[in-house]
Every structure is written in C-alpha cells, then in structure tokens.
Amino acid sequence: MGLKIYNVLGREKQEFVPLEPGRVGMYVCGPTVQDYAHLGHAKTYIAFDVIVRYLRYSGYDVLYVQNITDVGHLLDSGEDRILKKAAALQARPMQIVEHYTRSYFEDMDALGVVRPDISPRASGHIPEQIRMIQTLIDKGHAYVANGSVYFDVTTDPEYGKLSNRKIEAQTAGSREAVRDEKRNPEDFALWKKAEPEHILRWDSPWGEGFPGWHIECSAMAKKYLGATFDIHGGGVDNIFPHNESEIAQSECANEAPFARYWILTGSLTVDGIKMSKSLGNFITIKDALKQHRPEVIRMFVYSAHYSNPVDFTDEALMAAAGGWERLYGAVRLARQMKASAPDGDAGNGILPRLEQAKADFKAAMDDDFNTPKAVAALQELTRDVNTLLNSGSPVGRATLDTIEQTYQQLAGDVLGLIPAQDTASSNGQREAGLVELLISLRAEARRKKDFATSDRIRDELKALGVILEDRPDGTVWRVS
RNA sequence: GGCGACGUAGCCAAGUGGUAAGGCAGAGCUCUGCAAAAGCUCCAUGCGCCGGUUCAAAUCCGGGCGUCGCCUCCA
C-alpha cells in the first residue's frame with residue numbers, strides 16, 4: 001500500500017507516483033512579507049512541513065521550494081502591499097521586505113518547520129518573469145496594453161480547470177469598474193506599468209513596471225523544478241485566481257503540464273470566520289508562542305485533516321496541550337528511566353506493539369497525510385507504553401532505547417512533537433543540581449514522616465515551575 | 001447568483017456499504033503518607049433534517065436546512 005494523495009486537480013484521491021522514481025519536486029506558495037505571520041500561516045506551513053517530513057521519512061528525495069512574495073501583490077486600491085507598509089512606516093520597501101522575511105523565518109524556525117531547500121524571492125527573479133511574459137506574448141496568450149501586459153484567458157481552453165470556474169459564468173460581471181484596457185474582464189495582469197509614484201520598478205520591453213502577482217510562482221517553479229513537477233501546495237483561499245492563473249500561464253508558456261498533484265490546505269478560522277490580515281482577527285505566531293509551546297501548536301494543527309478548515313479556540317488549544325503532554329510524558333519517562341535501567345532487553349514484549357504502531361502510523365499518513373489518525377495511533381501506543389513503564393517490573397535499557405527511537409521517528413522526525421531534550425534553563429546543570437539536592441532533602445523528610453517539610457518543598461518548587469512526581473523507584477522532576 | 005467545502009458525544013475529530021477510532025473535559029476506582037503521573041471503568045441504539053436504494057448506510061442516490069471558503073487582497 002503506497003501513498004495516496006487527494007489531488008485537487010481532478011478532485012480525487014490518487015496513488016502518488018512521482019515523475020522520477022524516488023524524487024519529489026514540490027512547490028508551495030509562500031507568504032507576502034508585508035506583516036508578521038499569524039496562526040493561519042502556521043497551519044498551512046506546518047501542514048506542508050509534515051508532508052515534506054513524511055515524504056522524506058518514506059524515502060523520497062524531496063526538493064522543496066517555497067517562494068517569498070516581496071513585490072507585485074496589489075491591494076484593491078491598486079496600491080502595492082509592500083509600498084503601502086513602507087509609506088506607513090516611513091521605511092524603504094526592501095527594508096520592510098527584509099524585516100518581515102527574517103521575522104517569517106524566525107517564526108517558522110521556532111515552530112520547528114524545516115526550512116525549504118530554496119526560498120526564492122519574486123524581486124530576485126524579474127528577468128525570469130519578463131522572459132516568461134515575452135513567451136506568452138509571442139505565443140499569442142498575452143497582449144500589451146498601455147504599458148501593461150495581460151494574459152488573455154480566452155486563449156486557454158483549460159482555464160478554470162483547478163477551481164471549476166467557467167469564464168462565461170463569471171462574465172455576467174459584478175465589477176463594472178474593470179480596467180477597460182483589458183480584453184476580457186477575467187484577464188489578469190502579467191506586468192503592470194509603474195505609475196510615477198511607484199518606487200518598486202524595473203525596466204522591461206514594455207517600459208518601466210513591475211510583475212503581476214501570479215507570474216512569480218510560474219517563473220520560479222519552472223526555474224527550480226522544471227516545467228512539470230510533482231506537487232504544488234498552498235492555501236485553498238488562493239485557488240482562484242492565483243493558482244488557476246499559475247496553471248494557465250505555465251502551461252501556455254511551457255506547453256507542458258504544470259504541477260501533477262495539487263494539495264490545498266483548509267483555512268484557519270476564528271469564531272467561524274477566516275483568520276486574515278485584512279480582517280484583523282489574527283493572532284501572530286510570536287504572540288501564540290508566548291502562551292503555548294511550539295509542539296502544542298503543531299499538535300493543534302494535526303487535530304484536523306489538513307484540507308479541513310479549523311476553528312481556533314482556547315479550548316481546542318488546551319485539548320491539544322493535554323494530548324501532547326500525554327504523548328511526551330511517555331517519552332520523558334522512558335528517557336528518565338534509562339538513567340537507572342538495567343542492561344538488556346527486559347520488557348521486550350512491547351516490541352511487536354511498537355512495530356504495530358509504526359504500521360498504523362504509516363497507514364494513516366499514507367492515506368493522504370491523515371494526521372488525526374496518525375496521532376490516534378500514537379495515543380493508543382502511549383497507553384500500552386505507559387502501562388509497561390508504570391508496571392513496576394524492570395525494563396531494560398535496550399527496550400527503553402527502542403521505545404524512545406520509535407517515538408523519535410514518528411512523533412519526532414515526522415511530526416516534530418518531541419523536543420531534542422528536556423526543557424532546561426540556560427543554567428541547566430546548576431538548576432538540575434539544585435533540584436536534585438532538594439529532592440534528596442525531601443526524601444529524608446519523608447523517611448522521617450515529616451510531611452509538612454516534604455510537601456512544602458514540593459509545593460514551593462511547583463510554584464517555581466518544577467513538578468515533582470514520586471515513583472516507586474524514586475522521585476522524578478520536570479519543568480512545567 | 002456561480003464555484004467549492006462541511007454539518008459525527010459537552011468540545012475537537014477519524015471513519016466512503018457491515019454494525020461508531022483517538023484526544024480534551026467530566027464521573028467513579030486502583031496506586032500514593034497526601035499528591036502528581038499512569039492505568040482501569042463509564043460517557044453518541046446514534047452520525048443536522050426528510051425521503052429512497054440495499055440483507056445491511058454516518059457512509060450510496062434524491063430533496064430541502066444550516067455553516068464556512070472563494071468569486072476583490074490574504075496561507
């Protein structure tokens with residue numbers, strides 16, 4: 001049983017067969033760097049992070065490209081999003097771009113999102129975009145009007161195949177204020193003439209201007225992945241016009257199929273309304289990370305299938321936190337027990353159970369990256385692991401190693417839910433020493449039945465964020 | 001209006017024909033000096049509604065209801 005992917009292009013679950021055996025070329029639409037990233041971005045990019053991690057776990061050699069949009073993304077008003085921000089902050093446009101680009105990578109790093117192999121910027125690929133536009137003009141798919149270039153959607157009979165939109169149906173046209181320099185209302189800009197006040201501008205065969213929003217993805221995907229590649233991802237909110245336009249431009253210019261599998265993620269909503277920059281109902285990743293650990297945010301993202309919309313609530317976050325604590329608690333316990341574990345493989349009856357969990361996990365992930373089901377497999381495993389670790393019977397170091405490795409591979413390498421080591425402060429060693437000292441003092445008090453003292457130590461450590469748990473073989477501690 | 005999703009327990013959510021995974025919350029129990037953690041037990045005769053197909057439907061078909069997304073910037 002191999003990997004199956006729900007292909008939005010064609011709307012059906014299909015067996016995944018890469019263009020080249022063992023290799024995957026993947027492009028995901030990246031952010032417009034005009035503001036801080038919010039939890040909606042976190043949902044999307046964590047979802048694709050897991051997809052990439054799982055493909056790699058499955059043995060594929062993945063080339064992952066995700067663009068940075070730093071030019072050409074216009075507002076309703078016709079203003080460039082970057083320029084508007086620059087004016088508001090009295091900064092240079094590329095300063096804005098740099099600031100938010102760095103911030104974006106900081107946020108993704110903090111969330112444990114593995115960086116794309118290539119993060120091309122639109123502004124760094126103007127020649128490639130101009131070349132592709134020229135090709136479209138030469139082939140009769142685009143036309144110049146008053147210094148701008150538009151794609152003529154009527155020249156592409158397949159236009160609308162991704163989003164199921166028919167040009168005729170659209171035309172009835174709500175918008176009267178269409179630029180009359182367009183031949184058809186649905187035609188979209190490949191190149192826009194720069195008005196005098198527009199700072200971001202480049203020379204082109206059609207005069208000074210700047211590229212349209214959609215062409216960057218087509219040009220950069222072609223440059224780094226070729227005319228035809230395996231997977232194209234993004235948020236479903238960009239299916240039209242952005243993704244649809246990408247396909248039209250690329251296939252008309254390259255005369256070859258564009259992406260073979262389209263994976264689109266559902267939006268994040270707040271009280272049922274989409275979290276978005278324009279609505280202002282967003283929580284930045286930086287703010288969210290002040291309240292929750294990155295693993296908990298990832299766990300929250302995994303609670304629903306990537307293609308579903310997910311509603312953000314504190315309750316849902318708390319549930320994710322509880323679920324994560326349970327999973328990680330088993331790993332932490334296994335690690336703690338290794339310190340005093342006997343050599344050998346006592347308790348190896350758990351090994352077949354670990355293999356079973358791996359198989360269940362794989363089956364879930366192979367089924368269109370079904371993370372809720374994959375997490376459920378880990379939760380069920382955790383029940384059995386906890387039973388063993390708390391049984392009181394000895395568990396050998398080799399067995400504990402295998403348990404830890406299993407979690408490390410599935411929950412760690414693929415899902416990014418397992419921290420490399422326990423949270424420790426910057427003075428980790430000193431802190432550990434102090435806590436161990438208090439634990440031994442408390443053990444002495446307990447031996448003397450001086451429970452007032454022992455409870456005081458436990459309570460006051462708890463107030464400092466150090467949790468003590470008494471186990472048959474001694475007291476273990478952790479940072480809350 | 002067009003296109004596309006979705007509606008499963010208090011909350012989140014998996015489940016595309018065979019008799020409702022998993023997590024959170026809640027209740028009881030075991031363990032504990034007491035806790036904590038962990039485990040055990042309980043928690044949807046029912047999957048928004050009405051019809052239909054079938055031996056059998058949350059799952060297929062039809063019809064209405066509701067929510068959301070896109071159609072204009074957003075992952």
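- Between the CZ atom of A:Arg446 and the P atom of B:rA35 there is a distance of 13 Å, rounded to whole Å.
- The pair A:Lys182-A:Asp152 fails the salt-bridge criterion, with no side-chain N (NZ, NE, NH1 or NH2) lying under 4.0 Å from an Asp/Glu carboxylate O.
- B:rC24 and B:rG1: their P atoms are spaced 43 Å apart (whole Å).
- Every residue meeting the salt bridge (Lys or Arg N to Asp or Glu O under 4.0 Å) condition with A:Lys448, not counting sequence neighbours, appears here in chain and number order: A:Glu444.
- A:Asn370 comes within 4.0 angstrom of the backbone, heavy atoms only, and of no base.
- Only the C1' atoms considered, B:rG64 is 24 Å distant from B:rC70, to the nearest whole Å.
- In this entry the distance linking CZ of A:Arg458 with C1' of B:rA37 reads 12 Å, nearest Å.
- Each of A:Ala320 and A:Asp367 has a nearest nucleotide on RNA chain B; the 5'-most of these lies closest to A:Asp367.
- With both ends at atom C1', the span from B:rG69 to B:rG63 equals 24 Å, rounded to whole Å.
- Distance noted for atom P between B:rG28 and B:rA36: 13 Å (whole Å).
- A gap of 14 Å separates the P atoms of B:rG10 and B:rC49, to the nearest Å.
- Across all strands shown, A:Arg456 has no heavy atoms under 4.0 Å from either base or sugar-phosphate atoms.
- B:rA14 and B:rG51: their P atoms are spaced 28 Å apart (whole Å).
- Between A:Asn386 and A:Lys449, the residue anchored closer to the 5' end of RNA chain B is A:Lys449, taking for each the nucleotide with the nearest heavy atom.
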Please set out all donor-acceptor pairs under 3.5 angstrom arising from side-chain atoms of residues 114-121 of chain A, sequence neighbours excluded.
from: A:Arg115; atom 1: NE; to: A:Asp109; atom 2: OD1; distance (Å): 3.1
from: A:Arg115; atom 1: NE; to: A:Asp109; atom 2: OD2; distance (Å): 3.4
from: A:Arg115; atom 1: NH2; to: A:Asp109; atom 2: OD2; distance (Å): 2.6
from: A:Asp117; atom 1: OD2; to: A:Arg56; atom 2: NH2; distance (Å): 2.9
from: A:Asp117; atom 1: OD2; to: A:Tyr64; atom 2: N; distance (Å): 2.7
from: A:Arg121; atom 1: NH1; to: A:Glu98; atom 2: OE1; distance (Å): 3.3
from: A:Arg121; atom 1: NH2; to: A:Glu98; atom 2: OE1; distance (Å): 3.0
from: A:Arg121; atom 1: NH2; to: A:Glu98; atom 2: OE2; distance (Å): 3.3

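- Look at the P atom in both B:rA21 and B:rA9: the space between them is 14 Å, to the nearest Å.
- Searching all strands for a Watson-Crick or G-U wobble partner of B:rC6 with both distances below 3.5 Å returns B:rG66.
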